[in-house]
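Worksheet: the structure to be examined is printed underneath.
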Amino acid sequence: QLQLVESGGGLVQPGGSLRLSCAASGFSLVRYAIGWFRQAPGKEREGILCISKSGTRTNFADSVSRRFTVSRDTAKNTVYLQMNSLKPEDTAIYYCAALSVLALDYCSDYAGEYDYWGQGTQVTVSS
């Protein structure tokens with residue numbers, strides 16, 4: 001069974017950091033592009049970062065530029081989202097998703113392209 005499981009969310013004060021994990025089971029993450037999305041209450045799901053099959057990283061959201069980074073541990077079959085300098089407007093449910101694609105460097109911020117989704121993890125930034 002193909003499955004993505006996010007973890008690492010929680011409550012953090014403004015300026016703090018969190019690292020989210022996206023662990024895959026049933027398939028190898030290096031065969032997929034992995035995107036990170038978030039959805040705040042009353043807003044559409046937003047693509048923020050992606051790591052391609054080749055390991056190329058793409059930032060889709062200026063709002064997280066220089067604060068969020070994506071990385072991959074192939075041995076653990078896990079992708080990480082490191083979030084620093086968190087702001088209240090980063091509060092959302094964060095999702096990882098896997099995109100089956102032939103191109104090694106392809107990434108997308110369009111949620112409809114992705115094949116598998118995790119259940120999401122809540123991140124709340126508040127004092």
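Just so it is clear, the model here is predicted, and its values are computed rather than measured.
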Taking every non-hydrogen atom, the tightest pair across [X] and [Y]:
X      : Y      : value
Val123 : Met83  : CG2-CE, 3.9 Å
Arg72  : Val79  : CG-CG2, 3.9 Å
Leu18  : Gly8   : CD2-O, 3.7 Å
Lys53  : Leu102 : NZ-O, 3.4 Å
Leu4   : Gln119 : O-OE1, 3.6 Å

When you group the ILVMFWY residues by side-chain heavy-atom contacts below 4.5 Å and let the links chain together, are [Y] and [X] in the same group?
X      : Y      : value
Leu2   : Leu29  : yes
Trp36  : Tyr114 : no
Val125 : Ile48  : yes

[X]: partners by side chain to side chain donor-acceptor pair (under 3.5 Å), with sequence neighbours left out:
X      : answer
Ser54  : Ser52, Thr56, Asp105
Gln82  : Asn84
Thr124 : Gln122

Please answer whether the main-chain N or O of [Y] pairs with a side-chain N or O of [X] as donor and acceptor at a distance below 3.5 Å.
X      : Y      : answer
Asn77  : Ser25  : no
Tyr116 : Ser100 : no
Arg66  : Val64  : no
Ser127 : Gln13  : no
Glu6   : Gly120 : yes

Under the ring pair (Phe, Tyr, Trp, His ring centres under 6.0 Å) rule, what do Trp117 and Phe37 come out as? Steps first, then yes or no, please.
CA-CA 10 Å; Trp117 289 82; Phe37 293 77; 4.9 Å; yes

The complete set of disulfide (SG to SG under 2.5 Å) pairs with one or both residues in residues 57-97, sequence neighbours excluded, reads Cys22-Cys96

What pairs of residues pass the disulfide (SG to SG under 2.5 Å) test when at least one of them lies in residues 34-95, not counting sequence neighbours?
Cys50-Cys107

Atom [atom1] of [X] and atom [atom2] of [Y]: how far apart are they, to the nearest 0.5 Å?
X      : Y      : atom1 : atom2 : answer
Ile51  : Leu81  : CD1   : CG    : 11.0 Å
Tyr106 : Glu113 : OH    : CD    : 3.5 Å
Asp109 : Arg45  : CG    : CZ    : 13.5 Å

Contact between [X] and [Y] at the side-chain level, heavy atoms closer than 4.5 Å - yes or no?
X      : Y     : answer
Glu46  : Ser63 : yes
Phe68  : Val70 : no
Arg57  : Thr69 : no
Asp115 : Leu99 : yes

What residue pairs, at least two apart or across chains, pass ring-ring contact (aromatic ring centres under 6.0 Å, His included) with a residue in residues 76-103?
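Those involving residues 76-103 do not exist here.
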
Taking CD in Glu89 as the centre, count heavy atoms belonging to other residues, nucleotides or ligands within less than 6.0 Å. Is the count above 12?
yes

